[in-house]
Amino acid sequence: GCGDIAQACAKLAKAFGMRTVGLRRNASKGAAGEIELVVGPYDGPILPAHKRALLEQSDIVVSTLPGTAETKHFMSTEEFAAMKQGSIFISLGRG
């Protein structure tokens, strides 16, 4: 997600010189502010190839998705395995 919580995380990350990128599934949500949308915004579902490319390249992955039926199981075992060696996954999901 690229909402308020993600924006706050991105602002903190940038203070440490980190580049922040994100996926957005809904182009109608507007600008992503602090987050560089390298594969969005676009309409429709997040494509597995976009998500996997970010997972393979990222040192830190922060998920800020709300806990809903739509976001349940957003990360699969295969996607965790595809993450860059030594990377960190942080879930700030709620709900």
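Along the sequence shown, residues are numbered consecutively beginning with 1.
Contacts of Q57 classified as side-chain hydrogen bond (donor to acceptor under 3.5 Å, both in side chains), with partners at least two apart in sequence or in another chain: none. With sequence neighbours excluded, the residues forming a side-chain contact (heavy atoms from CB on, under 4.5 Å) with L92 are I5, C9, V62, T64, I90, listed by chain and number. Residues forming a side-chain contact (heavy atoms from CB on, under 4.5 Å) with S91 (at least two apart in sequence, or on another chain): F89. The side-chain contact (heavy atoms from CB on, under 4.5 Å) check on A8 picks up nothing, with sequence neighbours excluded.
Clustering ILVMFWY residues whenever any of their side-chain heavy atoms sit less than 4.5 angstrom apart, transitively, puts F80 in the very cluster that holds V61.
Counting all heavy atoms, side chain and backbone alike, S87 lies closest to S58 at CB-O, 3.4 Å.
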Go through the steps to decide whether E70 and L65 satisfy the test side-chain contact (heavy atoms from CB on, under 4.5 Å), and finish with yes or no. CA-CA 10 Å; E70 184 181 1; L65 297 171; over 6 Å; no
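Applying the salt bridge (Lys or Arg N to Asp or Glu O under 4.0 Å) test to every pair with at least one member in residues 81-91, sequence neighbours left out, gives these pairs: D59-K84.
Side-chain contact between E79 and F74 is absent, with no heavy atoms from C-beta onward closer than 4.5 Å. With contacts defined as side-chain heavy-atom distances shorter than 4.5 Å, the pair M75/L55 qualifies.
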